[in-house]
Student: 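First the structure, which I've put down as structure tokens, then a few questions once you've had a look.
The figures that follow rest on heavy atoms only: side chains count, while hydrogens, waters and symmetry mates do not. Position 1 is the first residue of the sequence; numbering continues from there.
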Amino acid sequence: MASARSPLARAFDGALVAAGATAEAGDRVAAFVDLVRRYREPGRHYHTLRHVAETTAAFHLLIAADRAPAAGVNVPVCLLAVHFHDAVYDSRARDNESRSADLAGDVLGGLGCPAAVIADVRRLVEATAGHHSEAADESFVNDADLRVLARPAPSYDRYVRRVRLEYAWVGGGTWAAGRGAVLRNLLDGPIYATAWARRLWEPAARANLNRELSALSLA
């Protein structure tokens with residue numbers, strides 16, 4: 001289990017304190033331990049703590065790269081959203097993001113976070129459902145969440161295999177049809193919303209998605 005002193009735990013606690021949480025340290029640690037338990041649930045192969053850590057790193061990279069639009073972004077709020085965005089995950093369900101947002105609201109409320117912070121975290125978590133960004137903070141969180149799409153081909157292929165394991169209960173033909181629809185939806189327009197990601201990540205992401213889509217059509 002991730003330690004309460006791990007970099008991810010420190011990032012979570014730092015974001016809580018910066019966002020105005022009034023709870024004691026022990027309660028904040030307990031909240032992180034519960035998140036760890038959730039991200040370690042059986043059946044998770046991609047949507048794990050590693051994904052949270054990688055999304056956190058991608059978010060920091062984007063914030064540093066796009067300084068002008070990042071100026072008005074509440075970084076602690078975004079980091080809390082990153083930690084909660086896949087806290088509820090069931091590959092058979094269609095409401096994971098809304099349930100994760102509900103969980104975030106309950107937990108952050110219990111930790112004494114201001115109502116405005118809770119509302120923003122909920123909004124950011126729900127925005128990861130379709131990755132449609134209507135505000136600057138949503139752009140940074142969504143693009144960080146989709147960072148894996150632009151990884152080198154071997155890393156991208158490992159990501160696909162891990163997601164497929166999470167959908168092991170889905171038959172091959174059904175998987176190909178559903179996954180193909182997801183890929184085509186991502187390819188229908190820009191994948192990323194921030195300027196830096198569009199310039200640096202978009203080409204590789206489109207190449208990976210098109211390659212996977214071609215492979216699905218041949219399966």
Student: Is there any salt bridge (charged side-chain N to carboxylate O under 4.0 Å, His left out) pair reaching into residues 180-206, and which pairs are they, with sequence neighbours excluded?
Tutor: E202-R206

Student: Counting only pairs under 3.5 Å, give me each side-chain donor-acceptor contact of residues 152-160, with atom names and distances, residues two or more places apart or in other chains.
Tutor:
unit_1: S155; atom_1: OG; unit_2: R158; atom_2: NH2; d: 3.0
unit_1: Y156; atom_1: OH; unit_2: E212; atom_2: OE1; d: 2.5
unit_1: D157; atom_1: OD1; unit_2: R211; atom_2: NH1; d: 3.1
unit_1: D157; atom_1: OD1; unit_2: R211; atom_2: NH2; d: 3.1
unit_1: D157; atom_1: OD2; unit_2: R211; atom_2: NH1; d: 3.3
unit_1: Y159; atom_1: OH; unit_2: R179; atom_2: NH2; d: 3.3

Student: Please, which pairs that meet salt bridge (charged side-chain N to carboxylate O under 4.0 Å, His left out) have at least one residue in residues 114-132, sequence neighbours excluded?
Tutor: D102-R122, D120-R123, R122-E126, R123-D137, R123-E138

Student: What I'd like to find out is whether the side chain of V107 reaches to under 4.5 Å of the side chain of L35, using heavy atoms alone.
Tutor: no

Student: Can you tell me how far CG of L61 sits from CH2 of W196, rounded to the nearest 0.5 angstrom?
Tutor: 4.5 Å

Student: Step by step, would you call H131 with D143 a side chain to side chain donor-acceptor pair (under 3.5 Å)?
Tutor: CA-CA 8 Å; H131 296 102; D143 282 9; over 6 Å; no

Student: Check whether any side-chain heavy atom of Y192 lies under 4.5 Å from a side-chain heavy atom of L149, and answer yes or no.
Tutor: yes

Student: Report yes if some heavy atom in the side chain of D86 is under 4.5 Å from a heavy atom in the side chain of R38; otherwise report no.
Tutor: no

Student: Relative to each other, are the rings of W175 and Y167 parallel, tilted or perpendicular (30° and 60° limits)?
Tutor: tilted

Student: Under 3.5 Å, which donor-acceptor pairs do the side chains of residues 11-33 form with other protein atoms, sequence neighbours left out?
Tutor:
unit_1: D13; atom_1: OD1; unit_2: R28; atom_2: NE; d: 2.5
unit_1: D13; atom_1: OD2; unit_2: R28; atom_2: NH2; d: 3.2
unit_1: R28; atom_1: NH1; unit_2: A23; atom_2: O; d: 2.9

Student: Let's go through L209 and L213 carefully: what are the C-alpha distance in whole Å and the side-chain angles of both, what is the deciding distance for side-chain contact (heavy atoms from CB on, under 4.5 Å) to 0.1 Å, and is it a yes or a no?
Tutor: CA-CA 6 Å; L209 295 175; L213 192 58; over 6 Å; no

Student: Looking only at non-hydrogen atoms, find the nearest pair between A104 and V121 and report the distance.
Tutor: CB-CG1, 4.0 Å

Student: With rounding to the nearest 0.5 Å, note down the distance linking CG in L103 to CG in N96.
Tutor: 12.0 Å

Student: What pairs of residues pass the salt bridge (charged side-chain N to carboxylate O under 4.0 Å, His left out) test when at least one of them lies in residues 50-67, not counting sequence neighbours?
Tutor: R50-E54

Student: With side chain to side chain donor-acceptor pair (under 3.5 Å) as the test, would you mind laying out the steps for S133 and N142 before giving the verdict?
Tutor: CA-CA 7 Å; S133 304; N142 282 333; 2.9 Å; yes

Student: Keeping the roles fixed (side chain from Y46, backbone from L165), state whether a donor-acceptor pair exists under 3.5 Å.
Tutor: no

Student: Name each donor-acceptor pair under 3.5 Å that joins a side chain in residues 68-82 to protein atoms two or more places apart or in another chain, with its distance.
Tutor:
unit_1: N74; atom_1: OD1; unit_2: V77; atom_2: N; d: 3.3

Student: Kindly compute the distance separating OG (S100) from NE2 (H83), expressed to the nearest 0.5 Å.
Tutor: 14.0 Å

Student: Measuring from atom CZ of F84 to atom OG1 of T128, what distance do you get when rounded to the nearest 0.5 angstrom?
Tutor: 13.0 Å

Student: Applying the side chain to side chain donor-acceptor pair (under 3.5 Å) test to H51, which of H45, R162, R147, H85 qualifies?
Tutor: H85

Student: I63 and F59: side-chain contact (heavy atoms from CB on, under 4.5 Å), yes or no, with the steps?
Tutor: CA-CA 6 Å; I63 287 291; F59 173 79; 3.5 Å; yes

Student: Which pair of heavy atoms, one from I191 and one from A205, lies closest together, and at what distance?
Tutor: CD1-CB, 3.8 Å

Student: Per the side chain to side chain donor-acceptor pair (under 3.5 Å) rule, which among E41, E166, E97 passes with Y89?
Tutor: E166

